[in-house]
Amino acid sequence: MTSVRLPLFPLNSVLFPGLVLPLNVFEARYRAMMRDLSAVPEDDRRFAVIAIRDGREVAATAQGMPDNTVPASDGPAAGFGDDPMQAFHTVGCIADAATIREKSSDDDTGYEVLATGTTRFRLLSVDASGPYLTGELEELEDDDGEGAGVLASGVVRAFRTYQKRLAWANERTLSSGQDLPADPSVLSYLVAAAAVLDVPAKQRLLEAPDTAARLAQELKLLRQESALLGKLPSLPAVDLTRQPTSPN
């Protein structure tokens with residue numbers, strides 16, 4: 001088994017391969033990470049995004065995130081307990097930072113980052129000895145699995161129904177003409193990112209052993225969610241085409 005060590009960026013959300021991730025980086029440990037990434041060639045600015053199981057995206061001492069019940073702390077593992085490995089899910093997604101733009105304020109320098117998910121990984125260990133967390137990762141292959149093509153057709157139909165029900169619940173007009181990808185793997189990740197699901201549900205989709213298994217989960221979830229939406233009068237508006245900016 002081969003592994004790679006990359007900077008580790010924990011989030012309260014799940015990143016999928018092929019999806020765009022905008023980041024507003026202001027905390028010291030993540031600013032240090034982006035400074036280091038800015039110093040390497042543009043085609044090698046990779047970092048590992050992992051969903052938080054139990055912890056905080058922002059240290060307890062960070063401006064705008066006061067928590068008087070948590071002792072003040074700093075450092076690369078602040079907010080993630082004595083064993084950061086236990087604070088994260090074990091499967092994440094490698095991100096490629098296409099843009100790292102420095103921005104200055106009166107107090108300090110932050111970064112606006114635009115990254116894209118590329119490859120799933122399994123987290124093997126976490127190192128907190130540097131200015132930010134790093135992780136030893138095992139990259140995971142994406143296999144189609146059995147029946148991915150047939151399942152993809154079913155997911156497309158179920159997703160269209162889900163979109164219509166969601167637009168109706170939000171009292172919005174569904175924009176037409178948006179084609180879904182034909183590739184089952186790409187489709188599975190797009191649907192996983194676009195569906196309005198909680199982090200544990202999205203994490204289970206990311207961890208699916210192959211594309212067919214992910215599509216099968218999505219087919220079941222989409223049918224359940226569509227049935228539920230048909231019985232609800234309205235829901236908060238969401239945008240299915242964009243990921244929210246994650247402040248860090």
Side-chain angles (χ1 to χ4, degrees), residues 1-19 21 23 25-41 43-62 65 70-97 100 111 113 115-143 189 192-193 198-210 213-214 246-248:
M1 179 181 64
T2 59
S3 63
V4 61
R5 185 169 295 276
L6 291 176
L8 196 61
F9 205 113
L11 287 176
N12 279 315
S13 58
V14 178
L15 177 64
F16 295 93
L19 274 295
L21 176 68
L23 294 169
V25 178
F26 62 86
E27 197 183 345
R29 51 184 164 180
Y30 303 122
R31 293 201 310 267
M33 179 189 300
M34 293 307 158
R35 280 195 297 271
D36 287 352
L37 287 174
S38 297
V40 303
D43 59 354
D44 193 30
R45 293 177 177 174
R46 302 198 305 164
F47 60 98
V49 174
I50 195 78
I52 300 169
R53 188 194 306 274
D54 182 21
R56 310 169 61 87
E57 284 187 24
V58 182
T61 54
M65 291 288 290
V70 179
S73 61
D74 54 19
F80 299 127
D82 296 332
D83 183 5
M85 184 74 180
Q86 301 303 314
F88 309 136
H89 289 279
T90 57
V91 174
C93 183
I94 294 174
D96 184 5
I100 303 176
Y111 294 88
V113 180
T116 303
T118 59
T119 308
R120 295 185 309 146
F121 67 82
R122 188 176 308 280
L123 183 62
L124 303 178
S125 64
V126 176
D127 183 359
S129 62
Y132 47 81
L133 296 177
T134 59
E136 184 182 1
L137 322 173
E138 173 194 8
E139 297 186 31
L140 299 176
E141 295 183 0
D142 268 329
D143 297 323
Y189 288 130
D198 59 17
V199 169
K202 286 181 178 282
Q203 183 66 34
R204 287 191 292 271
L205 292 175
L206 183 68
E207 294 178 3
D210 53 45
R214 185 174 304 108
S246 296
N248 289 281

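Position 1 is the first residue of the sequence, and the numbers go up from there.
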*Between the main-chain N or O of I94 and the side-chain N or O of T118, is there a donor-acceptor pair closer than 3.5 Å?*
yes
*Rounded to the nearest 0.5 Å, what separation is found between the CE atom of M85 and the OG1 atom of T90?*
7.0 Å
*Does the gap between the ring centers of F9 and Y30 come in under 6.0 Å?*
yes
*Could you tell me whether D83 atom CG has more than 12 heavy atoms of other residues or ligands within 6.0 Å of it?*
yes
_Validation row: V199, V14 side chains within 4.5 angstrom (heavy atoms)_ = yes
*Taking side chain as C-beta onward, heavy atoms only, is L21 less than 4.5 Å from L11?*
yes
*Give, for atom CD1 of I50 and atom CZ of R122, the distance between the pair rounded to the nearest 0.5 Å.*
10.0 Å
*asked:* Give me the atom names and distance for the closest heavy-atom approach of L19 to A193.
replied: CG-CB, 3.6 Å
_Quick check against the 3.5 Å criterion: does R31 have a side-chain atom that pairs as donor or acceptor with the backbone of F26?_
yes
*Does A95 have any side-chain contact (heavy atoms from CB on, under 4.5 Å) partners at least two apart in sequence or in another chain, and if so, which?*
L15, F47, V49, A115
*Apply side chain to side chain contact (heavy atoms under 4.5 Å, CB included) to the pair D36 and Y132, showing each step before the final yes or no.*
CA-CA 10 Å; D36 287 352; Y132 47 81; 2.8 Å; yes
*Please check if the side chain of R29 supplies one atom and the backbone of A78 the other of a donor-acceptor pair under 3.5 Å.*
yes
_Give me the atom names and distance for the closest heavy-atom approach of P17 to L206._
CD-CD1, 4.2 Å
*Are any of the side-chain heavy atoms of R46 and V4 separated by less than 4.5 Å?*
yes
*E136: what forms a side-chain hydrogen bond (donor to acceptor under 3.5 Å, both in side chains) with it, not counting sequence neighbours?*
S3, S125
*Do D127 and R5 have side-chain heavy atoms sitting under 4.5 Å apart?*
yes
*side-chain hydrogen bond (donor to acceptor under 3.5 Å, both in side chains) with R120: which residues, sequence neighbours excluded?*
D142, Y189
*Nearest atoms (heavy-atom pairs only) where A51 meets S13*: CB-O, 3.6 Å
_Run the side-chain hydrogen bond (donor to acceptor under 3.5 Å, both in side chains) test against D143 and tell me which residues pass, sequence neighbours left out._
none
*Shortest non-hydrogen contact from L8 to P10?*
O-CD, 3.4 Å
*When you measure from the side chain of E139 to the backbone N and O of T2, does any donor-acceptor pair fall under 3.5 Å?*
no
*Any side-chain heavy atom of L137 within less than 4.5 Å of one from L123?*
yes
*Mind checking side-chain hydrogen bond (donor to acceptor under 3.5 Å, both in side chains) for Y111 and listing every partner two or more places apart, or none if nothing turns up?*
none
*Shortest non-hydrogen contact between A128 and P76, atoms and distance*: O-CG, 3.3 Å
_Tell me every residue that passes ring pair (Phe, Tyr, Trp, His ring centres under 6.0 Å) with F121, counting only those two or more places apart in sequence or in another chain._
none
